[in-house]
There are 2 protein chains.
Amino acid sequence: MYYVYPHSLTIWLIYLVNIMASTTFSETELQILAAALEEFSMHGRQGARMQCIADRAGLNKALLHYYFRSKDRLYEEVFTYVFHTYFFQLADTLRAEGDFPTVLRAFIHRYVDMLNENPALPMFLLREVAEGAPVFSRRLPEIVQANPLGMPKLLLALFEESSRSGESRKTDPFQTLISIMGACIYFFAGFPIFSTLIPELRDRRDQLIEERKDHIFELVYYGLKPRTE
Amino acid sequence: MYYVYPHSLTIWLIYLVNIMASTTFSETELQILAAALEEFSMHGRQGARMQCIADRAGLNKALLHYYFRSKDRLYEEVFTYVFHTYFFQLADTLRAEGDFPTVLRAFIHRYVDMLNENPALPMFLLREVAEGAPVFSRRLPEIVQANPLGMPKLLLALFEESSRSGESRKTDPFQTLISIMGACIYFFAGFPIFSTLIPELRDRRDQLIEERKDHIFELVYYGLKPRTE
DNA sequence: GTCTATATCTCGATAGAC
DNA sequence: GTCTATCGAGATATAGAC
């Protein structure tokens with residue numbers, strides 16, 4: 001269903017079969033998954049209420065169990081969807097042609113746009129991690145096997161290459177990875193607090209998001225540039 | 001205990017009264033608050049279990065209700081503690097003497113250290129925000145009145161001043177604020193995922209945290225430096 | 001102040017009609 | 001496939017002994 005970029009023919013076949021399976025998600029199932037993502041990202045796996053998910057989806061509780069057996073299984077389906085969108089759908093930008101600043105800028109723009117369009121995604125993953133990442137840990141082997149090159153590894157490769165070629169100074173690529181992702185994500189996580197503390201910000205949200213892309217790019221690109229002094 | 005730097009006599013009195021009130025927390029109450037912070041930050045307000053909080057604190061459930069009436073009131077006490085630690089205890093670094101790079105470096109070092117020593121703090125606040133910030137919104141007026149100058153506003157002032165004096169280029173200080181805080185926080189939020197995807201990282205955690213401080217400082221300081229080209 | 005025992009209620013899950 | 005009604009586990013909260 002979710003096995004992307006398989007590494008062998010056997011896995012590839014499973015992958016195809018599963019793609020078929022996943023595209024057969026009915027309208028109702030998709031409604032439930034979307035509602036569940038909202039609810040889980042707001043209240044966590046334990047805090048989420050099946051009744052609220054049903055309400056959001058405009059259905060009744062019994063149907064949730066009809067389609068997804070249990071709350072835990074529903075959570076797992078949502079997790080799988082979120083994880084792939086977040087870590088692998090984003091990877092495409094990083095496979096694009098172009099020099100270091102071009103690829104870096106494209107990635108940041110796409111990442112901020114994705115976060116803006118799917119504000120529930122990062123919070124869903126952060127909660128999973130805060131809860132000790134039980135589903136993530138259990139699913140990891142199959143995820144990594146099926147996706148040897150996700151966004152994080154491609155980003156690391158980008159920084160390593162730019163260091164080697166002299167386009168950026170020598171730094172730990174992992175530190176840079178964290179700085180960029182943090183700078184992108186934290187706007188959406190922190191804005192509700194800051195816009196309450198500093199009310200002038202509230203009306204400028206869309207503008208701030210738009211300006212944010214180049215702000216991050218410039219901070220990182222020039223912050224990584226080799227220095228002469 | 002938490003109302004720092006009041007700006008008028010009236011507020012100052014409220015401040016003192018609150019210091020008195022808050023410092024009368026007994027050992028048992030502090031144990032409960034610490035256990036509750038852990039539990040709430042792992043499982044959220046609804047997902048947290050009173051039984052688990054009691055277990056963590058080495059007490060029984062009934063005592064939690066004896067000291068803090070209800071789960072909701074316990075949550076509010078934890079919130080107040082966390083918010084003040086997070087936003088106002090940190091502010092001291094920013095009132096220190098020194099030029100732009102000195103103050104900036106000191107803040108980043110202290111912030112990363114604080115996060116490292118209190119890993120539950122940011123997740124607790126992120127969850128509150130994700131749940132729609134109900135407690136935060138209700139408590140905001142008293143918080144802002146008692147703390148006109150918290151860490152966020154002092155950081156903004158630092159960036160504005162360095163822009164004006166020419167020590168950094170003209171940028172939106174709010175964007176820089178978000179980038180720095182995000183870069184600091186996201187290490188602790190994201191590390192569990194990345195160390196699973198890239199197992200080599202696991203053994204280098206402490207070293208990475210230590211190196212992280214100067215990495216962020218250099219990225220931001222040089223990323224903000226006026227450019228000649 | 002601290003504990004055990006219990007009341008009360010919420011929520012996940014199921015049975016069974018349609 | 002969809003719904004109503006309900007069971008039963010597990011949660012918050014309280015009563016009352018010590």
Side-chain angles (χ1 to χ4, degrees), chain A residues 1 20-80 124 127-128 130-132 134-135 138, chain B residues 21-80 124 127-128 130-132 134-135 138:
Chain A
M1 192 172 214
M20 300 309 187
S22 72
T23 46
T24 55
F25 271 144
S26 66
E27 264 308 306
T28 312
E29 283 167 318
L30 289 172
Q31 272 175 277
I32 295 174
L33 284 170
L37 171 58
E38 294 283 330
E39 177 72 8
F40 280 126
S41 70
M42 278 191 72
H43 302 289
R45 198 181 50 171
Q46 301 181 60
R49 297 290 166 246
M50 293 298 268
Q51 184 62 61
C52 294
I53 296 174
D55 292 347
R56 276 178 199 273
L59 306 164
N60 65 74
K61 254 194 323 182
L63 276 183
L64 268 51
H65 289 94
Y66 174 76
Y67 283 108
F68 302 90
R69 259 179 71 92
S70 71
K71 189 180 176 182
D72 279 350
R73 285 185 67 87
L74 177 56
Y75 180 87
E76 293 215 12
E77 292 294 335
V78 175
F79 172 83
T80 308
F124 181 90
R127 279 186 186 276
E128 162 73 12
E131 285 168 20
V135 175
R138 189 151 33 76
Chain B
S22 67
T23 45
T24 53
F25 275 142
S26 67
E27 263 308 305
T28 312
E29 283 168 318
L30 289 172
Q31 272 175 277
I32 295 174
L33 285 171
L37 170 57
E38 294 282 330
E39 177 71 7
F40 280 126
S41 70
M42 279 192 72
H43 302 289
R45 198 181 49 173
Q46 303 180 59
R49 296 289 168 246
M50 294 297 268
Q51 184 62 60
C52 295
I53 296 174
D55 292 346
R56 275 177 198 274
L59 306 163
N60 66 73
K61 258 191 321 184
L63 276 183
L64 268 50
H65 289 94
Y66 174 77
Y67 284 108
F68 302 90
R69 260 179 71 92
S70 71
K71 189 179 174 181
D72 278 350
R73 284 186 66 87
L74 176 56
Y75 180 86
E76 293 214 12
E77 292 296 334
V78 175
F79 173 83
T80 307
F124 181 90
R127 278 184 186 277
E128 163 73 12
E131 284 169 19
V135 175
R138 190 151 32 76

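Each chain gets a letter, A, B and so on, in the order the sequences are listed, and its residues count up from 1.
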Hey, is the side chain of [X] poking within less than 4.0 Å of OP1 or OP2 on [N], counting only N and O atoms?
X     : N      : value
A:R49 : C:dG12 : yes
A:Y67 : D:dT2  : yes
B:N60 : C:dC3  : yes
A:H65 : C:dT14 : no

Answer with base, sugar-phosphate or nothing: what part of the nucleic acid does A:A48 contact at a heavy-atom distance below 4.0 Å? sugar-phosphate

For [X] and [N], what is the distance between atoms [atom1] and [atom2] respectively, to the nearest whole Å?
X     : N      : atom1 : atom2 : value
A:Q51 : D:dA11 : CD    : P     : 20 Å
B:I32 : C:dG1  : CD1   : P     : 11 Å
B:L64 : D:dT14 : CG    : C1'   : 14 Å
A:L63 : C:dC18 : CG    : P     : 18 Å
A:K61 : D:dC7  : NZ    : P     : 13 Å
A:M50 : C:dT10 : CE    : C1'   : 15 Å
A:Q46 : D:dA11 : CD    : C1'   : 11 Å
B:H43 : D:dA11 : NE2   : C1'   : 14 Å

Go through it in stages, so that I can follow the logic: the residues are B:E77 and B:I32, the test is side-chain contact (heavy atoms from CB on, under 4.5 Å), and I'd like the CA-CA distance, side-chain angles, deciding distance and then a yes or no. CA-CA 11 Å; B:E77 292 296 334; B:I32 295 174; over 6 Å; no

Quick check for you: among D:dA15, C:dA15, D:dG1, whose closest atom lies nearest to any side-chain atom of A:Y66? D:dG1

Step by step, work out the ring-ring contact (aromatic ring centres under 6.0 Å, His included) result for A:F25 and A:Y67. CA-CA 10 Å; A:F25 271 144; A:Y67 283 108; 9.7 Å; no

Using 30° and 60° as the class boundaries, would you call the ring planes of B:F124 and B:F40 parallel, tilted or perpendicular? perpendicular

So do the side chains of B:R49 and B:E39 get within less than 4.5 Å of each other, counting heavy atoms only? yes

Can you confirm whether B:E128 sits close enough to B:Y75 that some side-chain heavy atom of one is under 4.5 Å from a side-chain heavy atom of the other? yes

